[in-house]
Amino acid sequence: MELLQRNYFELMGLPTQFEIDLTLLDQHYRTLQSEVHPDRFVTASANERLQSMQVATQANEAYQTLKNTTARARYLLQLNGVETLEESNTAMPADFLMLQMEWREAIDDASAAKDVSALDALLIEIKQMAKVLSQDLSGQFAEKAYTQASESVRKLSFIDKISADINRAIEQLEN
Amino acid sequence: MAYSDKVLDHYENPRNVGTLDKNDPHVGTGMVGAPACGDVMKLQIKVNDSGIIEDAKFKTYGCGSAIASSSLVTEWLKGKTLDQAAEIKNSAIAEELALPPVKIHCSVLAEDAIKAAVADLKSKQPA
């Protein structure tokens, strides 16, 4: 089936670019899932059933990848032959790493003091940085500045991890 | 995941946690981070006039293996020359701490931190 040859953007009926319409992504995903739903293939041949299942699986992966800013940027870079090297590239700008360390210390302090509002404030600050990085990525993709975009993805990777850790710390305090 | 006894020992009793004056011309600072797991490591070395590392401090936010890797290398670094320090390989760190394959990147982080600290120090010294 030719659907399987398409990249995630094409599969979801979207232009292959960083800026996408998330509402359209939702709509197209739901449409595609209903088209390949197993209930519609009860009487189909084994081959058709298999293909519909493959498309359904790929649609899931595509949806999860495209709706997340970091994952979408990482995937778009891969399509352009650029790996983000999140496992091996440890060189980050010193000021960015200093900020990570300050945030980690602030999480520890707020957790020790059971200060949920401090954690909430930190989360807002971090979300603001994620927004700025997302805007950076938009410009970097527009200019095909893939090396810089790759670094932005690595930064966002840190941001995603620390956001998850803060949310976990807040949950622990609230329980 | 089960940590080895050596990892637990360094994790529970980390050696040489702290900070050196990064503006001191005898101090080199290396900061690295692992995007995949969010770990951040700061490693600092101080050399004497003969170019021997006489002190090393670290500060690491991350998992037990990352903390143990940085704690271990601060012990190894003391008494070494900069060239000897730069030769420390992540495989030796991983072997000493019996790190499982999924934690090898923690030892890579420590090796990269040493290299960054050595490079910082060399950039401060007159050629």
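Below, chain A is the first sequence line, B the second, and so on; all start at residue 1.
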**Asked** Applying the 4.5 Å side-chain criterion to the ILVMFWY set and letting contacts propagate, would Ile126(A) and Val132(A) be lumped into a single cluster?
**Response** no

**Fill in**
Honestly, the part of Ile162(A) sitting under 4.5 Å from a heavy atom of chain B is neither

**Prompt:** Thr84(A) versus chain B, heavy atoms under 4.5 Å apart: side chain, backbone, both or neither?
**Reply:** neither

**Message:** Please determine whether the number of non-hydrogen atoms from other residues, nucleotides or ligands lying under 6.0 Å from atom CG of Asn48(B) exceeds 12.
**Reply:** yes

**Request:** Evaluate whether atom CD of Gln78(A) has more than 12 neighbouring non-hydrogen atoms of other residues, nucleotides or ligands under 6.0 angstrom away.
**Result:** yes

**Request:** Take atom OH of Tyr11(B) as the centre, draw a 6.0 Å sphere, and report whether it contains more than 12 heavy atoms from other residues, nucleotides or ligands.
**Result:** no

**Message:** Can you give me the closest heavy-atom contact between Ser157(A) and Pro35(B), atom names plus distance?
**Reply:** OG-O, 3.1 Å

**Prompt:** Hey, which residues of residues 66-93 of chain B are touching chain A, say heavy atoms under 4.5 Å apart?
**Reply:** none

**Asked** Is the number of heavy atoms from other residues, nucleotides or ligands under 6.0 Å of Asp5(B) CG greater than 12?
**Response** no

**Item:** chain B contacts, top residue of Met92(A), Lys161(A), Met101(A) (heavy-atom pairs, under 4.5 Å)
**Value:** Met101(A)

**Request:** Measure the SG-CD distance between Cys37(B) and Glu87(A) for me, rounded to the nearest 0.5 Å.
**Result:** 7.5 Å

**Asked** Side chain, backbone, both or neither: which part of Asp160(A) has a non-hydrogen atom closer than 4.5 Å to chain B?
**Response** neither

**Message:** Show, in sequence, the C-alpha distance, side-chain angles and deciding distance for Lys59(B) and Arg104(A), and conclude whether the side-chain contact (heavy atoms from CB on, under 4.5 Å) test is met.
**Reply:** CA-CA 11 Å; Lys59(B) 202 167 185 184; Arg104(A) 291 278 166 195; over 6 Å; no

**Message:** If hydrophobic clusters are built by linking Ile, Leu, Val, Met, Phe, Trp and Tyr wherever their side-chain heavy atoms come under 4.5 Å apart, do Leu123(A) and Leu99(A) end up in the same one?
**Reply:** yes

**Asked** Where is the tightest heavy-atom contact between Thr90(A) and Leu109(B), given as atom of each residue plus distance?
**Response** CG2-CD1, 3.5 Å

**Asked** When clusters are formed by joining ILVMFWY residues with side-chain heavy atoms under 4.5 Å apart, either directly or through shared neighbours, do Met31(B) and Leu85(A) land in the same one?
**Response** no

**Asked** Looking only at heavy atoms, what is the nearest atom pair of Asp39(B) and Phe158(A), with distance?
**Response** O-CE2, 3.6 Å

**Message:** Count I, L, V, M, F, W, Y as connected when their side-chain heavy atoms are under 4.5 Å apart, and connections chain through other members. Are Val36(A) and Tyr63(A) then in the same cluster?
**Reply:** yes

**Message:** Please say yes or no: joined through hydrophobic side-chain contacts below 4.5 Å, possibly via intermediate residues, are Val32(B) and Val27(B) part of one cluster?
**Reply:** no

